[in-house]
**Student:** 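Quick one: structure below, then a few questions.
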Amino acid sequence: MMSRGATRVARSVMGQVGSRYFSVAALRSAEPMAGGVLGSPYRVPERAVVTWVRIPVVGVRNASTLTLGEKEQMEEKENVTGSAGGAGGEEKEVGSYWGVEPAKVTKEDGTQWKWNCFRPWETYKADLSIDMKKHHAPVTFLDKLAYWTVKSMRFPTDVFFQRRYGCRAMMLETVAAVPGMVGGMLLHCKSLRRFEHSGGWIKALLEEAENERMHLMTFMEVSKPRWYERALVFTVQGVFFNAYFLAYLVSPKLAHRIVGYLEEEAIHSYTEFLKELDKGNIENVPAPAIAIDYWRLPADSTLRDVVMVVRADEAHHRDVNHFASDIYYQGRELKDNAAPIGYH
């Protein structure tokens with residue numbers, strides 16, 4: 001009798017409940033991660049995973065439930081909307097990686113570092129004592145081929161730019177930044193194929209490419225390119241990239257020798273640039289801020305100071321590429337000799 005009475009009471013209670021739901025919440029917290037970011041341990045925020053359970057009752061229509069994956073997507077969408085500065089929300093700085101605040105980089109004097117394209121530890125002081133007059137005399141057939149190839153490239157450049165050395169330097173850097181990237185890429189693939197080290201040459205060539213690109217970023221502040229000069233960059237870069245890529249595949253010694261002679265021509269162009277500045281034919285404007293920070297120049301530096309350090313960089317690239325070509329001429333590989341890393 002007691003059992004039957006209890007059953008009737010339970011049925012009555014469930015009938016009153018009808019289509020209501022019961023929620024079961026499970027809290028999960030993450031322990032602090034080992035280590036930390038900038039001295040502060042990183043804790044994953046606690047999150048509640050809610051599972052909705054429906055009590056089936058006869059006569060009540062079944063309702064669909066949200067899966068865990070759908071619920072996580074909804075929560076993520078709400079978080080993104082809130083951080084984007086929605087109604088009543090505040091805009092937040094985008095972290096460099098999931099919830100990790102970007103590091104605050106400052107200069108030596110404590111002021112905030114404003115460049116994202118390079119960091120303080122990538123800056124340096126150029127070696128102005130390097131010999132600018134060194135020249136590799138072409139002896140072999142490949143040397144002469146490389147030498148006259150570069151000389152033939154100089155003629156149309158002289159005709160097109162004449163004495164507009166600011167635009168000439170800008171165009172030169174769009175080409176000079178290609179060989180290091182191509183050579184570094186091909187050496188990288190070779191290292192993967194052969195399961196061997198590169199002797200540091202991958203890094204050295206990529207450093208060269210990045211250094212040449214920073215030359216371009218600097219001269220962009222000094223000389224604004226015209227529309228037809230931008231169009232010329234597309235054409236020249238497309239042709240030169242593919243030509244150098246094929247040349248490096250066929251003969252790395254030829255490819256590096258071409259770059260060596262190309263850098264010699266760059267030294268000549270920057271020397272003429274300095275002469276025009278000294279004559280007053282080109283205004284010696286203040287150095288761009290990016291150049292002052294990249295080469296650690298004094299705050300009162302001028303365009304002439306920038307040309308001096310850029311010319312020194314080109315002289316170092318000349319030596320590196322002639323050295324690489326000499327290694328191949330001796331029947332050895334680049335990995336057999338340590339690369340001059342950091343040798344700007």
**Student:** Taking C-beta and beyond as the side chain, do P288 and V222 meet within less than 4.5 Å on heavy atoms?
**Tutor:** yes

**Student:** Would you confirm whether W113, through its side chain, and W115, through its main-chain N or O, come within 3.5 Å as a donor-acceptor pair?
**Tutor:** yes

**Student:** What are the two closest non-hydrogen atoms of G183 and L205, and how far apart are they?
**Tutor:** C-CD1, 3.7 Å

**Student:** What is the minimum heavy-atom distance between A266 and L172, and which atoms define it?
**Tutor:** CB-CD2, 3.6 Å

**Student:** Find out whether D278 and R304 are in side-chain contact, i.e. whether some heavy atom of one side chain is under 4.5 Å from a heavy atom of the other.
**Tutor:** yes

**Student:** Taking E122 first and then R119, would you say they form a salt bridge - that is, a charged N and a carboxylate O separated by under 4.0 Å?
**Tutor:** no

**Student:** List the atom of I267, the atom of M132, and the distance in Å for their closest heavy-atom pair.
**Tutor:** CG2-O, 3.7 Å

**Student:** State, without any angle test, whether N211 and H316 hold a side-chain donor-acceptor pair at a distance under 3.5 Å.
**Tutor:** no

**Student:** If the test is side chain to side chain contact (heavy atoms under 4.5 Å, CB included), which one of Y329, Y147, Y328 qualifies with L142?
**Tutor:** Y329

**Student:** Under a 3.5 Å distance rule, please check whether S191 uses its side chain to pair with a backbone N or O of H188 as donor and acceptor.
**Tutor:** no

**Student:** Run the numbers on D336 and I327 for side chain to side chain contact (heavy atoms under 4.5 Å, CB included), then give the verdict.
**Tutor:** CA-CA 9 Å; D336 298 329; I327 293 174; 5.7 Å; no

**Student:** Show your reasoning for whether side chain to side chain contact (heavy atoms under 4.5 Å, CB included) applies to V320 and W201.
**Tutor:** CA-CA 10 Å; V320 170; W201 280 94; 3.9 Å; yes

**Student:** Parallel, tilted or perpendicular, judged at 30° and 60°: which one describes the rings of Y248 and Y244?
**Tutor:** tilted

**Student:** Taking atom NZ of K203 as the centre, does the number of heavy atoms from other residues, nucleotides or ligands within less than 6.0 Å exceed 12?
**Tutor:** no

**Student:** Between T218 and V310, is a side chain to side chain contact (heavy atoms under 4.5 Å, CB included) present by the stated rule, with each step listed?
**Tutor:** CA-CA 10 Å; T218 298; V310 170; 5.7 Å; no

**Student:** Are V182 and F240 side-chain neighbours, meaning at least one heavy-atom pair lies under 4.5 Å?
**Tutor:** no

**Student:** Under the side chain to side chain contact (heavy atoms under 4.5 Å, CB included) rule, what do E208 and V259 come out as? Steps first, then yes or no, please.
**Tutor:** CA-CA 11 Å; E208 176 186 315; V259 179; 4.0 Å; yes

**Student:** Just say parallel, tilted or perpendicular for the rings of Y124 and W295, cut-offs at 30° and 60°.
**Tutor:** perpendicular

**Student:** Considering only heavy atoms from C-beta outward, does the side chain of E263 approach that of E212 to under 4.5 Å?
**Tutor:** yes

**Student:** Show, in sequence, the C-alpha distance, side-chain angles and deciding distance for H268 and E265, and conclude whether the side-chain hydrogen bond (donor to acceptor under 3.5 Å, both in side chains) test is met.
**Tutor:** CA-CA 5 Å; H268 173 77; E265 290 299 324; 5.6 Å; no

**Student:** Can you check whether G280's main-chain N or O pairs, donor with acceptor, with N284's side chain at less than 3.5 Å?
**Tutor:** no

**Student:** Side chains of L145 and R257: does their closest heavy-atom pair fall under 4.5 Å?
**Tutor:** no

**Student:** Of the non-hydrogen atoms in G184 and L206, which two are nearest, and what is the gap between them?
**Tutor:** CA-CD2, 4.3 Å

**Student:** Any side-chain heavy atom of V307 sitting closer than 4.5 Å to one from L303?
**Tutor:** yes

**Student:** Name the orientation class of the two ring planes belonging to Y261 and H135 (parallel below 30°, tilted from 30 to 60°, perpendicular beyond 60°).
**Tutor:** tilted

**Student:** If the plane angle is over 60° it's perpendicular, under 30° parallel, otherwise tilted; pick one for H136 and H322.
**Tutor:** parallel

**Student:** Salt bridge check, R311 against E314: does any charged N sit closer than 4.0 Å to a carboxylate O?
**Tutor:** no

**Student:** Ignoring hydrogens, what is the shortest heavy-atom contact between L277 and I282? Give both atom names and the distance.
**Tutor:** CD2-O, 3.5 Å

**Student:** Is it true that a side-chain atom of T123 and a backbone atom of Y294 form a donor plus acceptor pair closer than 3.5 Å?
**Tutor:** no

**Student:** A side-chain contact here means heavy atoms from C-beta on lying under 4.5 Å apart; do M217 and I290 qualify?
**Tutor:** yes

**Student:** Restricting to non-hydrogen atoms, name the atom on S129 and the atom on D127 that form the minimum distance, rounded to 0.1 Å.
**Tutor:** OG-OD1, 2.5 Å

**Student:** Does a side-chain heavy-atom distance below 4.5 Å link K335 with R194?
**Tutor:** no

